[in-house]
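Note sheet for the following structure.
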Number of protein chains: 2
Amino acid sequence: MATIYQVSELAGVSLATVSRVMNNNVRVSEATRNKVLQAMEQLGYRPNSIAQSLASSRSNSIGILVSELHGPFYGEMLTGIEAEFRAAGKHVIIAAGHSERATEEDGIEFLLSRNCDALILHVEAVSDQYLIDLSKKQTPFVLLNRQITALADRCISLDNELGGYLATRYLLEQGHRHIAYIAGPMWKTDARDRFHGHQRALAGYQLTAEEALFFEGDFRETGGSKGLQALLASGRPFSAVVCANDEMASGALTAARELGYEVPADFSVMGFDNVNFAYYTYPKLSTIDYPVSAMGQMAARWVLQQVYQQSSIEVQQIFDPHLIPRDSVAEAAVT
Amino acid sequence: MATIYQVSELAGVSLATVSRVMNNNVRVSEATRNKVLQAMEQLGYRPNSIAQSLASSRSNSIGILVSELHGPFYGEMLTGIEAEFRAAGKHVIIAAGHSERATEEDGIEFLLSRNCDALILHVEAVSDQYLIDLSKKQTPFVLLNRQITALADRCISLDNELGGYLATRYLLEQGHRHIAYIAGPMWKTDARDRFHGHQRALAGYQLTAEEALFFEGDFRETGGSKGLQALLASGRPFSAVVCANDEMASGALTAARELGYEVPADFSVMGFDNVNFAYYTYPKLSTIDYPVSAMGQMAARWVLQQVYQQSSIEVQQIFDPHLIPRDSVAEAAVT
DNA sequence: TTGTACGCGTTATCAC
DNA sequence: GTGATAACGCGTACAA
């Protein structure tokens with residue numbers, strides 16, 4: 001591989017000048033610039049990004065930590081992030097955290113050891129305090145889908161409470177009064193927020209969440225099917241179930257069918273996230289849209305703005321969910 | 001950040017010795033090793049991976065190019081890859097190729113410019129010749145899901161022909177004789193191979209694929225629904241449809257329902273890939289399993305073996321698909 | 001506008 | 001076993 005030195009030799013200029021035309025910072029005369037460009041061309045020169053990093057102490061790499069690489073959710077997120085950075089000539093290093101504290105901390109350590117210029121973290125298990133401590137170190141980071149007051153300016157998140165509210169309000173508007181709830185793991189803040197939105201919507205109708213109609217799931221399909229079975233087994237009547245995400249809703253749909261119920265004739269089902277398979281369930285899932293790709297993109301922009309000084313970029317920190325009515329919710333039968 | 005120099009100073013040894021204990025290659029006396037270790041600990045020393053890379057001309061990074069980051073397929077693949085490399089202390093740089101020639105070549109260029117030690121490529125649009133040329137350059141690479149004779153030792157792929165064969169043979173065994181086929185884009189080799197398998201299975205029963213019962217789709221849900229409509233519109237009777245992937249099968253399922261047909265009562269539907277949502281369609285999709293995560297992992301192992309000399313690792317290059325019977329296929333009605 | 005010289009934090013090749 | 005010291009390829013004061 002040709003080096004900057006060989007280019008300078010061929011072009012008959014000094015090595016510093018070559019460097020200058022590459023980072024067209026300082027003014028270089030057109031004549032010499034062309035000489036250099038031509039020499040580069042001729043040698044098929046490509047800068048060694050590692051040497052650049054060492055000299056400039058910028059790796060031009062951004063570390064991304066997500067819970068999982070598979071599943072319908074994180075792929076969307078990564079798409080938004082990668083596209084934005086690639087266009088800016090930065091590259092993305094990924095690691096998976098698997099929603100476990102040790103693995104997440106490990107992943108962060110790993111990315112840090114890789115000299116990332118910044119981190120984009122979608123972490124769930126790590127403590128607030130850990131992140132606050134981390135914020136005192138050199139490497140800047142953004143938090144996706146998490147709210148920490150002390151770190152408010154680095155958080156990009158969905159208004160989950162509003163989403164939960166919208167879901168349940170929609171069912172109430174359709175006349176439902178006995179609404180069951182299959183929650184996510186309640187140690188996760190988004191799961192809690194969604195449930196709080198649910199409660200607020202109920203309160204607006206002078207209702208309150210019944211304990212018998214609550215089930216704590218795991219955000220996975222099995223949680224949804226188990227949840228539905230438990231709710232049915234409770235004997236407590238309900239005409240609608242809201243699930244804290246689409247995967248559980250899908251599980252609930254399957255379980256309902258297997259137990260001989262028909263959705264939405266026997267009861268309605270609401271999801272949350274609007275992952276892409278939500279359109280392909282049967283019946284098509286009514287849900288709450290989570291603009292995850294846009295949020296990933298926004299996290300990337302935050303980095304571009306804060307770390308790479310691209311000041312022209314605007315950053316939005318809170319995103320609003322909205323309702324996607326489809327076929328899994330019907331009006332409540334008049335009683 | 002502490003440097004190796006400060007460690008050497010505190011430990012009272014030379015900088016070279018510190019380097020030695022880090023890469024515990026050469027023998028260092030227990031006494032000095034402990035002194036160094038202790039000094040590292042005390043300073044919270046962490047090696048600068050970029051400087052290491054520059055000096056050793058190894059970036060310890062592997063570039064991954066996939067078609068898309070979202071969707072049910074690539075996420076699985078990345079999971080297998082990331083886990084394997086992370087355990088080996090390597091890191092993964094990702095780029096998306098979007099199945100377009102220019103973007104794919106661009107992505108490869110991008111990864112190359114990042115000084116990756118190796119590349120794992122899942123490319124579809126780039127020509128064989130381009131890859132053959134690439135193989136003559138320095139950076140080694142593996143090809144996932146692609147067979148090129150000249151590059152046979154770098155290919156890790158599924159026996160797509162066998163998969164296509166298994167799918168159709170299963171339907172034949174269930175008594176179906178009029179079998180429609182919704183193919184992937186025929187410029188993709190895997191799409192062609194799967195179709196060839198289909199033909200071979202038919203030939204085994206003295207049958208041949210009818211042109212009226214063939215539709216070329218796009219591997220996406222819309223392709224499946226359009227395909228089914230076209231097949232139905234052809235007027236040609238059939239009792240089963242095999243789709244070249246699960247997403248098209250899902251589209252076909254939805255279209256069938258919307259047009260008032262019942263699967264598998266009116267006709268059976270076969271998928272291919274066994275992506276995770278295949279279990280959550282209605283009816284549950286009978287399909288062919290594609291061990292994509294295992295294959296991703298294997299690609300990572302290839303790199304570990306070939307590039308990082310971890311000779312103890314075994315590499316398997318061809319993977320066999322197998323049948324997953326579920327609910328979308330039934331026996332053909334006796335005629 | 002252009003060139004010189006040093007530094008970035010390691011690894012690796014010599015000697016000792 | 002251990003210590004100098006020269007790379008690695010580039011950025012960047014500072015000087016010219």
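Residue numbering restarts at 1 for every chain, and letters A, B, ... go by the order of the sequence lines. Excluded from the calculations below are hydrogen atoms, water molecules and symmetry mates; all remaining heavy atoms, backbone and side chain alike, are included. Because the structure is predicted, anything quoted here is derived from the model rather than measured.
- With rounding to whole Å, B:N60 atom CG is found 14 Å from C:dT10 atom P.
- Environment of CZ in A:R46: crowded, with over 12 heavy atoms of neighbouring residues, nucleotides or ligands closer than 6.0 Å.
- Across the protein-nucleic acid pair, B:L43 atom CG and C:dG9 atom P stand 14 Å apart, rounded to whole Å.
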Would you list the protein and nucleotides 7-9 of chain D atom pairs, both N or O, that sit under 3.5 Å from each other?
| unit_1 | atom_1 | unit_2 | atom_2 | d |
| --- | --- | --- | --- | --- |
| D:dC8 | O2 | B:A55 | N | 3.4 |

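- OP1 or OP2 of D:dG11 lies within a sub-4.0 Å distance of a side-chain N or O belonging to A:S19.
- Judged by the 6.0 Å and 45° rule, A:K90 forms a cation-pi pair with A:Y308.
- In this model, the phosphate group of C:dT2 is not approached by any side-chain N or O of A:S14 to a distance below 4.0 Å at OP1 or OP2.
- Contact check on B:R146 versus B:D190 returns no salt bridge, with no Lys/Arg side-chain nitrogen under 4.0 Å from an Asp/Glu carboxylate oxygen.
- Atom-to-atom, CD of A:E9 to C1' of C:dG3 comes out at 15 Å; the value is rounded to the nearest Å.
- Residue-level contact check: A:S29 touches the backbone only, with heavy atoms under 4.0 Å from sugar-phosphate atoms and none from bases.
- Summarising the geometry, the separation between OH on B:Y5 and P on C:dC8 is reported as 12 Å, rounded to the nearest angstrom.
- Contact annotation for B:T32: backbone-only contact, meaning every heavy-atom pair under 4.0 Å involves sugar-phosphate atoms and none involves a base.
- With hydrogens and angles ignored, a donor-acceptor pair under 3.5 angstrom links the side chain of A:R20 to the base of C:dG3.
- If you measure from atom CG of A:N23 to atom P of D:dC10, you get 11 Å, rounded to the nearest angstrom.
- Note on A:V18: nothing from the nucleic acid sits closer than 4.0 angstrom, heavy atoms only.
- Atom CG in A:L15 sits about 15 Å away from atom P in D:dA13, given to the nearest Å.
- Other residues, nucleotides and ligands contribute only 12 or fewer heavy atoms inside 6.0 Å of the CD atom of A:E41.
- If you take CD of A:E30 and C1' of C:dT2, they are 15 Å apart, rounded to a whole angstrom.
- Counting heavy-atom neighbours within 6.0 Å of A:Q138 CD, excluding the residue itself, gives a total of 12 or less.
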>> Would A:S67 and A:E124 count as a side-chain hydrogen bond (donor to acceptor under 3.5 Å, both in side chains) here? Give the steps.
In response: CA-CA 8 Å; A:S67 296; A:E124 305 180 306; 3.3 Å; yes
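- Applying the salt bridge (Lys or Arg N to Asp or Glu O under 4.0 Å) rule to A:E9 yields no partners; only residues at least two apart in sequence or on another chain are considered.
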